Amino acid sequence: MKDPHGTRDENGDPDGPGDPGGPGDPGERASAARTPLPRVSVEDGGRSLPDAVPGGPVALEHQGPVALEHQVLASLLGAWALAACSAEEAAAVEEHLGACDPCADEALRLREAVGLLQRPESLDLDPALRTRVLEGCLERRPPRIPVPDWASPYDAETARLDALLQDIGDAEWHAPVRLRWFEADGAASRRTTVAGVIAHLLTVDGLVAVALGLADPLGDVTAPTDAPAGRTEAYWRASRHPPTRAVRAPWREQSHDLVRTVSFTGEAGRMPVSYGDFGLPLHDAMLDRAFECWVHAEDIADAVDYPYEPPSARHLHRMIDLAARLLPDALAARRRAGPAPPAARPRLLAAGEPGRSLRLEIEGSGGGEWLIPLDSPGAVGSADHEVAHVALDGVEFCRLAAGHVPPAEAAAGQAGDREAIRDVLFAAAGLSRM
């Protein structure tokens, strides 16, 4: 084929007839077209530079938003609502919204829809975050004397409560709080303040401190009994003024001392801790203190309108397990006191013998299943002798055991012996105390 453009020499003129690729040799002329000669710069040729074009790239930088048609701008509204437009497109859309009412209304609806699609994230830390961070740190550098696994719930719950107390103001320490528990098959309560709740935790944690050989927070104050309520009332009465935020420092120091001291006991934790009319092994007493710390932290959070989450699933499971293990003794104590109906009276069984059982199914975080022996504390729960089944949410069961939920309203599902179910639910509420 003939090159329609031909070739030019270095001065830009058409090739002469004697040049390669000239009109006298079509083959050579086509070959030259495939390899054009290099261009000569305007500066090297001695020619003057062309004038600047009006509205060129420099001028376009100052022209503002890109001019787009209405239909194009309307199609960009969805991307604009999601903040997915380029800067130029966003500027063009926003300028258009000031002049087009239909598009402005549509943009408002789209922005509201985007807000519904995006879940607001809580600023509060996940309760499990502290555990994960500590585990990561301890994997990198294991401690010489680790905190026993059975003491980690108390360590975590006191740290969470301390973080809450750090966030509240001076006036909120005097916010009213009502302590609630279950007593003699009825609800009981005691009115105090946020500072009064921390004083209560200080004095009852002191039972563990005394068992470990640490100082008693009561000092020279004499309590009528070693029961938690007696110690708390004695501490409140001995104070010249109602407790203030100053009570946080001794409570915090004592909680640190408890965690530090139990770390030297190893994994045994079998020494007894007296609660006055009953006792618990040290490892169960620390779980009990973690449970009460969480329950009263929620009381404080409700009083000062502070968001507060349940414990991590692993710690919650341990607390539920403690309550399930205490239920047989609570059932026996309830029957000795006389409120159990005749149909629910147990048969006499030898220790370790399987007997009538209730299956306690805990759903949700920290859940599991426990077979509660109904006949005597020494009996063994048995699936073959199951007479009733109760299903509860994990947090709901803990609030029942804390006396914050009426037993008749706590069960999410139940089947089997109604009297046995009622007896167990009331016994679970009876685990609570001030």
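Note that the numbering runs from 1 along the sequence shown for the chain. The shown structure was predicted, so the numbers you read here are calculated from the model rather than taken from an experiment.
For the side chain to side chain contact (heavy atoms under 4.5 Å, CB included) test, no residue two or more places apart in sequence or in another chain qualifies with V380. Evaluation of the side chain to side chain contact (heavy atoms under 4.5 Å, CB included) rule for D105 yields R109 as partners, not counting sequence neighbours.
Relative orientation of the Y306 and Y308 rings is tilted, given thresholds of 30° and 60° on the angle between their planes. Relative ring orientation between H283 and W150 is described as perpendicular, the plane-to-plane angle rising above 60° on a 0-90° scale split at 30° and 60°.
Under 3.5 Å, the side chains of S189 and R178 contain a donor-acceptor pair of N or O atoms. Residues H174 and T193 have side chains that never bring a donor and an acceptor to within less than 3.5 angstrom of each other. Under the 3.5 Å distance criterion, with hydrogens and angles disregarded, a donor-acceptor pair is assigned to the side chains of H200 and E292.
Here the side chains of F291 and P153 are not in contact, with every heavy-atom distance at 4.5 Å or above. For the pair L374/V424, a side-chain contact is recorded, criterion being any heavy-atom separation below 4.5 Å from C-beta on. P311 places a side-chain heavy atom less than 4.5 Å from the side chain of M319. Considering only heavy atoms from C-beta on, V197 stays 4.5 Å or farther from D299 through its side chain. With contacts defined as side-chain heavy-atom distances shorter than 4.5 Å, the pair H389/L358 does not qualify. Inter-residue side-chain proximity for D393 and I362 is flagged as unmet; no heavy-atom pair is nearer than 4.5 Å. A heavy-atom distance below 4.5 Å is not found between the side chains of D284 and L326. Side chains of L77 and C103 form a contact here, defined as non-hydrogen atoms less than 4.5 Å apart.
Between the side chain of R111 and the main chain of A81, a donor-acceptor pair closer than 3.5 Å is present. Between the side chain of D375 and the backbone N or O of R356 there is at least one donor-acceptor pair closer than 3.5 Å. At distances below 3.5 Å, at least one donor-acceptor pair connects side-chain atoms of S86 with backbone N or O atoms of E89. With hydrogens and angles ignored, the 3.5 Å screen pairs no side-chain donor or acceptor of T261 with any backbone N or O of L258.
Across C85 and L76, no two heavy atoms sit closer than the pair SG-O, 3.8 Å. Here the closest non-hydrogen pair linking V247 and W173 is CG1-CZ3, 4.1 Å. Across all non-hydrogen atoms, the minimal contact from A223 to L218 is CB-CD1, 4.0 Å. The two residues A199 and P243 have their closest heavy-atom pair at CB-CG, 4.3 Å. Between A303 and P176, the shortest heavy-atom contact is CB-O, 3.5 Å. Residues S357 and G381 approach most closely at OG-CA, 3.3 Å, considering heavy atoms.
Note on R318 versus D321: no salt bridge recorded, every NZ/NE/NH1/NH2 to OD/OE distance being 4.0 Å or above. Here E157 pairs with R160 in a salt bridge; the nearest charged N to carboxylate O distance falls below 4.0 Å. Comment: R231 engages D216 in a salt bridge, judged by a side-chain N to carboxylate O separation of less than 4.0 angstrom. Using a cutoff of 4.0 Å between basic side-chain nitrogens and carboxylate oxygens, R433 and D288 are scored as salt-bridged.
Atom OG of S365 is separated from atom CZ of R314 by 12.0 Å, given to the nearest 0.5 angstrom. Atom-to-atom distance recorded for L282:CG and L212:CG is 5.5 Å, nearest 0.5 angstrom. Between the CZ atom in R359 and the OG atom in S382 there is a gap of 9.5 Å [rounded to 0.5 Å]. Distance CD/E69 to NE2/H96: 11.5 Å, rounded to 0.5 Å. Rounding to the nearest 0.5 Å places CZ of R399 at 9.5 Å from CZ of R180. In this structure, the separation between CG on L280 and CG on L322 is 7.0 Å, given to the nearest 0.5 Å.
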Could you give me the CA-CA distance, side-chain angles and deciding distance for I198 and I300, then say whether side-chain contact (heavy atoms from CB on, under 4.5 Å) is met?
CA-CA 9 Å; I198 301 303; I300 293 172; 3.8 Å; yes
Under the side-chain contact (heavy atoms from CB on, under 4.5 Å) criterion, do L110 and W80 qualify, and how do the steps go?
CA-CA 9 Å; L110 290 172; W80 173 83; over 6 Å; no
Does V221 form a side-chain contact (heavy atoms from CB on, under 4.5 Å) with Y235? I'd like the steps, not just the answer.
CA-CA 7 Å; V221 177; Y235 186 91; 5.7 Å; no
Criterion side-chain contact (heavy atoms from CB on, under 4.5 Å) on W251 and L161, from CA distance to verdict
CA-CA 11 Å; W251 169 79; L161 175 55; 3.7 Å; yes
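Cation-pi geometry between R289 and W294 is not satisfied (NZ or CZ under 6.0 Å from the ring centre, within 45° of the ring normal).
The salt bridge (Lys or Arg N to Asp or Glu O under 4.0 Å) contacts involving residues 161-173 comprise D162-R248, D162-R252, D170-R245, where partners must be two or more places apart or lie in separate chains.
Between H317 and W370, the distance from one ring center to the other falls under 6.0 angstrom.
The 12-atom threshold is exceeded at CD of E369, counting heavy atoms of other residues, nucleotides or ligands nearer than 6.0 Å.
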